[in-house]
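The analysis underlying the following values was restricted to heavy atoms, covering all of them including side chains, and did not include hydrogens, waters or symmetry mates. Throughout, numbering of the chain's residues begins at 1 and tracks the sequence.
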Amino acid sequence: MKNQSVKSNIDWISVIIYIALVVMGWLNIYSSSLSSTDGTYEKQLIFILLTIPLIFIVLFVDGKFYEKYASIIFGVALLSLVGLFFFGKTIAGQRCWYAIGSFTLQPSEFTKSATALALAKYLSDTQVSLKDVNRQVQALAIVFLPVLLILPQPDPGSALIYCIFLLVLYREGLPSWYIWTGFIAITLFVLTLVLEPEYVILISLLILIIMHFKGRTVDRNLILSTILLAIISGFVLSVDYVFDNVFKQHHRDRFNILLGKTVDMKGIGYNTNQSEIAIGSGGWIGKGFLEGTQTKGGFVPEQHTDYIFTTVGEEWGFAGSVVVIGLFVGLFLRVIYLAERQKTKFSRVYGYCVASILFIHFFVNIAMVIGIFPTIGVPLPFFSYGGSGLWGFTILLFIFLKMDANKVNEW
């Protein structure tokens, strides 16, 4: 009876969009790797076939299980990240995978679901109010514990994804100054890379003066404004040191190219440049399936993974790109709609986590491919090659679809 309930109540619109994205993703992987001899598209087909029993398992498990054991699932996920330091396999300088025969498994892809469950579990506690500073710290600890374990691998792309949970926390009552502080810090960081530090400090001073006389600072407090300026100045003056001594050379190169301070079309900027050429060459309707010259020529490295959208742009053109983007946006909006109609706070918060994670992956990947964001290795959900990513996103989505199908039971 329970399985019948899931079958009749599952949101088939989300399922159909999911299937469409996975199929389109495989077609593009097939096209981009057809000339290779490593069996990429065959492996991806195996990964896709294995998602079928995975989906059935996720839907078969009682919906209450995910809430009841959310903390344990999160703990296991953290242990899987810790284990990488001892048993992980290093690929391209990153110790992010467990080797299982000829296949590799990336635990950070599954930790996103675990973190979403843990955060939803914590916020659904009736005693939790994000107006309380202690509760804010505890919620942020849930979000950033995985980040502390992922950054040293090093995997800044995966670590960046976890920042999106701040929007979920904001939705549930986190003070807005957290978001504004992050936004201002990023803006000041980028400005300091473009301008001299003293100019950035001067601009900040002028803005504070304007805000002060307009009465937008707390109680028009001159001392507070002075302290704020001192903090901003300290941050701005530290940017060059962080950029030169904390960032690695390839990170610095990518920022310099993005900001137009360096032109290196044959080196670090090669991927992005070739990606833009491939997408631009597709025109309005594309060159046709398997007809992409940039794709077939192998000009874009890692085209079947992080740069898979270049195949869409070249072979399917602007029209095909709009269809793909439309499907993604449709999925985001559908998940948000489903989240709003949930009867429990746990499933609602988890639904917003799902939409946020899928969106940040989509946004960063597309922005990276078209050259408005640094290359940081963030896959496009359901499109990029890899079993870990596909399974991780599938689990993330279908746990929520199970919760939504189960809401009729008012669990």
Side-chain angles (χ1 to χ4, degrees), residues 81 84-85 90 92-96 108 136-137 140-141 143-166 175-212 217 223-265 267-272 306 360 363-364 367-368 371-378:
L81 293 177
L84 288 172
F85 295 105
T90 301
Q94 293 181 312
R95 201 176 184 87
C96 304
S108 63
Q136 294 171 15
V137 172
L140 291 172
V143 172
F144 289 107
L145 269 175
V147 174
L148 294 176
L149 296 173
I150 291 172
L151 275 175
Q153 294 177 1
D155 188 3
S158 294
L160 173 68
I161 297 303
Y162 287 81
C163 294
I164 198 64
F165 284 114
L166 292 177
S176 60
W177 70 264
Y178 280 95
I179 305 296
W180 281 110
T181 299
F183 175 77
I184 292 171
I186 293 171
T187 302
L188 289 172
F189 187 89
V190 174
L191 276 177
T192 307
L193 295 179
V194 177
L195 306 173
E196 293 296 327
E198 53 267 28
Y199 291 131
V200 178
I201 294 174
L202 179 60
I203 293 171
S204 301
L205 174 60
L206 292 174
I207 293 174
L208 286 174
I209 291 174
I210 294 171
M211 291 177 64
H212 178 77
T217 50
I223 296 178
L224 179 63
S225 297
T226 304
I227 293 174
L228 188 57
L229 180 62
I231 294 174
I232 291 173
S233 300
F235 177 81
V236 168
L237 293 173
S238 69
V239 167
D240 284 341
Y241 175 83
V242 172
F243 189 71
D244 293 333
N245 297 279
V246 177
F247 280 36
K248 293 191 174 183
Q249 185 60 47
H250 63 278
H251 294 144
R252 294 195 292 271
D253 292 338
R254 287 167 181 169
F255 269 98
N256 286 332
I257 289 172
L258 181 68
L259 298 174
K261 299 173 69 175
T262 302
V263 177
D264 184 13
M265 297 307 183
I268 196 71
Y270 178 81
N271 286 25
T272 302
D306 298 338
I360 193 64
F363 176 79
V364 172
M368 179 182 71
I372 62 174
F373 203 87
T375 301
I376 54 174
V378 172

Interatomic spacing from CZ in Phe144 to CG in Leu148 - rounded to 0.5 Å: 9.0 Å
Pairwise distance OH(Tyr199) to CG(Leu191) - rounded to 0.5 angstrom: 14.0 Å
Taking every non-hydrogen atom, the tightest pair across Leu205 and Leu229: CD1-CD2, 3.6 Å
Student check: side-chain heavy atoms of Leu228 and Leu208 closer than 4.5 Å: yes
Val239 and Leu188, any side-chain heavy atoms less than 4.5 Å apart: no
Heavy-atom side-chain contact between Val236 and Phe189 under 4.5 Å: no
Test log, rule side-chain contact (heavy atoms from CB on, under 4.5 Å), inputs Leu166 and Leu140: CA-CA 8 Å; Leu166 292 177; Leu140 291 172; 3.4 Å; yes
OG1-CD1 distance between Thr181 and Ile231, expressed to the nearest 0.5 angstrom: 9.5 Å
Spacing of Ser158 atom OG and Leu149 atom CG [to the nearest 0.5 Å]: 12.5 Å
Flag side-chain contact, heavy atom, 4.5 Å: Gln136 against Pro175: yes
Value rounded to 0.5 Å, distance of CD in Glu198 from CD1 in Ile203: 11.0 Å
Considering all heavy atoms, the nearest Leu84-Arg95 contact: O-NE, 2.9 Å
By ring-ring contact (aromatic ring centres under 6.0 Å, His included) - contacts of Phe363 (at least two apart): Phe359
Interatomic distance, Ile360 atom CD1 to Tyr162 atom OH [nearest 0.5 angstrom]: 13.5 Å
Minimum-distance pair of heavy atoms, taken over all atoms of Ala159 and Ile150: N-CG2, 3.9 Å
Crowding at CZ, Phe85 (>12 non-hydrogen neighbours, <6.0 Å): yes
